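Residue numbering restarts at 1 for every chain, and letters A, B, ... go by the order of the sequence lines. Side chains included, hydrogens not; waters and symmetry mates left out as well; all remaining heavy atoms used. Please read all numbers here as calculations on a predicted model, not as lab measurements.
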Number of protein chains: 2
Amino acid sequence: MDILGLLRSHGIQPTPQRMAVAGFAIDSRNHPSAEEVYLGVREACPTVSRATVYNTLHLLVERGLVRQLALREGVCVYDSQTAPHHHFIDDDTGRIEDVPWDAVSVTGTDTLQGIDVREFQVVMRGRRRPR
Amino acid sequence: MDILGLLRSHGIQPTPQRMAVAGFAIDSRNHPSAEEVYLGVREACPTVSRATVYNTLHLLVERGLVRQLALREGVCVYDSQTAPHHHFIDDDTGRIEDVPWDAVSVTGTDTLQGIDVREFQVVMRGRRRPR
DNA sequence: GTTCGTGCAAACGGTTTGCAACAAT
DNA sequence: ATTGTTGCAAACCGTTTGCACGAAC
């Protein structure tokens with residue numbers, strides 16, 4: 001929750017710009033692209049440059065504070081939830097939602113011949129059921 | 001296998017350029033990006049334009065001859081295997097490999113509340129085991 | 001003579017890079 | 001004085017678009 005402490009504890013020198021970027025990226029539940037982070041941060045703090053946003057995002061990824069995912073075509077998407085989980089992508093809206101790890105069970109990834117699987121996730125596509 | 005017949009049977013008017021693109025995309029087991037298809041086709045047929053390659057790829061996707069995947073960050077990747085299967089991405093090389101559908105089993109995608117899953121796949125990352 | 005396909009070049013969106021100015025220590 | 005951080009602008013890569021030429025029926 002405390003962004004300042006979070007940055008410090010991960011060896012990232014806290015600056016106002018970095019706090020703004022980290023705050024936005026970590027609060028956001030929308031799996032924003034880097035450009036979306038840039039635009040969002042800009043609203044609160046119009047002076048930050050693109051370079052700083054991209055630098056900071058790379059730093060956050062490197063230090064394990066956010067994850068970089070290939071879920072949308074053509075853009076890098078950032079996920080603030082770093083614990084393992086799955087993803088659901090809505091066909092209509094393109095919205096990416098997190099699916100709890102326990103909601104789906106996967107077996108067989110550890111017995112593929114010749115392959116050491118370090119991590120995996122299920123990527124689902126479909127639509128939200130009208131209620 | 002017969003590209004000409006394949007195009008015809010999918011209602012695509014066969015032209016030399018389209019045959020080259022389709023041939024390359026379908027033969028390729030490497031999950032090439034559009035740009036890589038363009039470069040590859042160019043070697044055999046240096047006159048084709050980018051626009052034609054991209055047009056043709058879209059056509060092939062639309063007609064279900066290849067699939068478009070979001071597996072690499074920042075690029076669209078094309079997969080000639082249209083039957084359902086999973087993917088493994090090598091940490092070292094970035095190479096994307098197909099994993100047979102039956103090699104992995106997934107349960108629970110049909111009982112997510114509020115969600116109709118149309119399709120899913122497991123995306124695995126790791127490394128090839130040294131033999 | 002319309003339709004459809006092509007090639008070229010320019011535009012585009014998202015990301016990256018080079019560099020000069022500027023803190024911070 | 002060195003190191004690290006920032007902002008700006010330009011470059012970059014992959015993809016898309018506009019348009020005029022050309023082939024096909």
Side-chain angles (χ1 to χ4, degrees), chain A residues 3-4 7-8 10-25 28 30-63 66 68-78 94 96, chain B residues 3-4 7-8 10-25 28 30-63 66-79 94 96:
Chain A
I3 302 287
L4 186 91
L7 292 185
R8 285 217 178 102
H10 284 76
I12 301 176
Q13 203 170 104
T15 68
Q17 294 89 332
R18 284 175 174 175
M19 304 235 340
V21 172
F24 185 93
S28 155
N30 296 32
H31 304 81
S33 68
E35 194 68 11
E36 286 163 352
V37 173
Y38 170 64
L39 294 174
V41 169
R42 272 241 144 188
E43 289 185 8
C45 174
T47 77
V48 279
S49 70
R50 231 181 279 270
T52 299
V53 171
Y54 280 81
N55 283 342
T56 305
L57 284 174
H58 289 155
L59 205 51
L60 295 177
V61 170
E62 196 184 306
R63 300 295 215 275
V66 302
Q68 193 174 17
L69 300 173
L71 288 177
R72 265 159 61 185
E73 285 141 23
V75 279
C76 291
V77 168
Y78 295 88
I96 301 170
Chain B
I3 302 287
L4 187 89
L7 292 186
R8 285 216 179 104
H10 284 76
I12 300 177
Q13 201 171 103
T15 69
Q17 293 88 334
R18 284 176 173 173
M19 305 232 343
V21 173
F24 185 93
S28 157
N30 296 31
H31 303 81
S33 69
E35 193 68 11
E36 286 162 354
V37 173
Y38 170 64
L39 294 174
V41 169
R42 271 243 145 185
E43 290 184 8
C45 175
T47 77
V48 280
S49 70
R50 232 181 278 270
T52 298
V53 172
Y54 280 82
N55 284 342
T56 305
L57 285 173
H58 289 157
L59 205 50
L60 295 177
V61 170
E62 196 184 306
R63 299 294 215 274
V66 302
R67 311 196 82 179
Q68 194 175 16
L69 300 173
L71 288 176
R72 263 159 60 186
E73 285 142 23
V75 279
C76 290
V77 165
Y78 294 88
D79 191 338
I96 300 170

Open item on the list: Please report the distance, rounded to the nearest Å, between CD in A:Gln13 and C1' in D:dT2.
Closed with: 14 Å
TODO: Compare side-chain N and O positions of A:Ser49 against OP1 and OP2 of D:dT6 and report whether any pair is under 4.0 Å apart.
DONE: no
Task: Nearest non-hydrogen partners of A:Val61 and A:Tyr78, listed with the distance - done: CG2-CE2, 3.6 Å
TODO: Considering just the side-chain nitrogens and oxygens of A:Gln17, establish if one lies under 4.0 Å of OP1 or OP2 belonging to D:dT6.
DONE: yes
Task: Nearest listed nucleotide, side chain of B:Thr15, among C:dG5, C:dG7, D:dG7 - done: C:dG5
Open item on the list: To check you understand the geometry: which heavy-atom pair defines the closest contact between B:Tyr54 and B:Glu35, and what is its length?
Closed with: OH-OE1, 3.0 Å
TODO: Could you check whether B:Arg18 gets within reach of a base, just the sugar-phosphate, or nothing at all, counting any heavy atom under 4.0 Å?
DONE: sugar-phosphate
Open item on the list: If you apply the rule side-chain contact (heavy atoms from CB on, under 4.5 Å), what do you find for A:Glu43 with A:Leu39, and how did you get there?
Closed with: CA-CA 7 Å; A:Glu43 289 185 8; A:Leu39 294 174; 5.9 Å; no
Task: B:Val37/B:Leu57 under side-chain contact (heavy atoms from CB on, under 4.5 Å): CA gap, chis, key distance, verdict - done: CA-CA 9 Å; B:Val37 173; B:Leu57 285 173; 4.3 Å; yes
Task: side-chain contact (heavy atoms from CB on, under 4.5 Å) involving A:Thr52 - partner list, sequence neighbours excluded - done: A:Gln17, A:Ser49, A:Thr56
Task: Side chain of A:Ala51 (C-beta onward), nearest among C:dG18, C:dG14, C:dT6 - done: C:dG18
- [ ] Report the residue (B:Pro46 or B:Ile12) whose heavy-atom-nearest nucleotide on DNA chain C is the more 5′ of the two.
- [x] B:Ile12
- [ ] Would you please confirm or rule out a distance under 4.0 Å between OP1 or OP2 of D:dT6 and any side-chain N or O of A:Thr47?
- [x] no
TODO: List the steps and the verdict of side-chain contact (heavy atoms from CB on, under 4.5 Å) for A:Leu59 and A:Arg18.
DONE: CA-CA 10 Å; A:Leu59 205 51; A:Arg18 284 175 174 175; 3.7 Å; yes
- [ ] Quick one: closest heavy-atom pair of A:Gly23 and A:Ile3, and the distance?
- [x] CA-CD1, 3.7 Å
- [ ] Check DNA chain C against residues 32-42 of chain B and give the residues with a non-hydrogen atom under 4.0 Å, in numerical order.
- [x] none
TODO: Report the distance from atom CE of A:Met19 to atom SG of A:Cys45, rounding to the nearest 0.5 Å.
DONE: 11.0 Å
- [ ] Give me the residues of residues 54-62 of chain A where at least one heavy atom lies under 4.0 Å from an atom of DNA chain C, by number, or none.
- [x] A:Tyr54, A:His58
Task: d(CE, B:Met19; P, C:dG5) in whole Å - done: 15 Å
Task: Which atom of A:Arg72 lies closest to which atom of A:Glu36, heavy atoms considered - done: NH2-OE2, 3.4 Å
Task: Spacing between B:Arg50 atom CZ and D:dT16 atom C1', to the nearest angstrom - done: 11 Å
